[in-house]
Amino acid sequence: MFEARLAQSNLMKKILDAIKDLITEANLEISSGGISLQGMDSSHVSLVALLMRSDGFSPFRCDRNLTLGVNLQAMAKLMKCASNDDILTMTAEDNSDTLNLQFESPAQDKLSEFEMKLMDIDSEHLGIPETEYDAVIRMPSSEFQRICRDLGAGIGGESVTIACTKEGVKFSVTGSVGSGSITLKQTGSVDKPAESVVINMAQPVTLIFALRYLNSFAKATPLSESVSLSMSREVPLVVEYKMNDTGYVRFYLAPKLED
Amino acid sequence: TATQGRLDNFFTVS
């Protein structure tokens with residue numbers, strides 16, 4: 001038996017909206033530690049890793065590990081039937097082929113119950129090695145979203161070069177109408193951590209990425225006020241949105257390599 | 001020009 005009760009349906013809506021365009025179906029892995037998910041996009045260029053720790057739910061019950069194959073787009077549609085502040089309860093029997101979703105209004109005067117069919121999904125689990133990154137940049141998530149959008153829509157760029165030095169982080173593109181760059185400098189004061197740009201750097205690093213994936217990752221912006229970019233030479237970028245202390249959505253993106 | 005890398009080249013299937 002699996003049961004997980006989440007105080008606000010809104011969180012699950014935001015998570016699904018953040019990942020459903022990149023991966024349309026995935027296995028939710030349920031264990032005593034919580035709910036996790038890993039999936040690559042069909043071109044094997046990017047990967048989503050989700051963790052919702054059990055302590056983010058109250059209660060959380062998992063008698064045995066379960067793998068729930070879910071169509072994320074269908075689940076996102078179903079979650080739209082919940083109001084943002086509805087209490088979400090997910091339940092599944094062991095060996096069940098359905099996931100039950102229950103939405104309860106805060107005043108407890110409305111209860112919606114849905115049964116979602118599960119599917120068998122063959123998915124490879126990728127082992128992601130522990131990496132000491134050359135540079136870790138933390139910035140406001142809205143700023144990252146804005147930069148990706150402006151460089152894509154404004155210049156029509158396909159590839160973005162991200163260069164990180166002690167002075168700042170520079171995003172450059174060359175596109176159909178010309179070229180452009182946006183540089184963020186490290187902020188002096190850290191009175192408001194969520195609004196700060198902080199660069200932790202062991203050595204300067206420059207990498208090239210497909211901009212459209214970064215724009216897709218930015219759909220996770222509502223999940224967190226800040227985002228971190230972890231970069232090392234010739235290894236995948238990690239874009240992480242932390243959900244308070246109860247979990248994260250991480251996106252991995254393979255770099256473009258100079259011929 | 002730059003070639004798009006794939007994650008399979010960086011991560012191992014477990």
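Proteins get letters first, then strands, A, B, ... in listed order; numbering begins at 1 in each.
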If you draw a 6.0 Å radius around CD in Glu158(A), do more than 12 non-hydrogen atoms from other residues or ligands fall strictly inside?
->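 Open: at most 12 neighbouring heavy atoms sit under 6.0 Å from CD of Glu158(A).
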Is the number of heavy atoms from other residues, nucleotides or ligands under 6.0 Å of Arg233(A) CZ greater than 12?
->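 Not buried by this count: 12 neighbours or fewer within 6.0 Å.
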Closest contact, heavy atoms only, [X] versus [Y]:
| X | Y | result |
| --- | --- | --- |
| Ala2(B) | Ile208(A) | CB-CD1, 4.3 Å |
| Ser43(A) | Arg6(B) | O-NH1, 3.5 Å |
| Leu7(B) | Leu253(A) | CD2-C, 4.3 Å |
| Gly5(B) | Ala254(A) | O-CB, 3.3 Å |

Ring centre gap for Tyr252(A) and Phe10(B) strictly below 6.0 Å =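 Centroid separation for Tyr252(A) and Phe10(B): 6.0 Å or greater.
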Out of Ala210(A), Ser159(A), Ser46(A), which one racks up the most heavy-atom pairs below 4.5 Å with chain B?
->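 With the most close heavy-atom pairs to chain B, the winner is Ser46(A).
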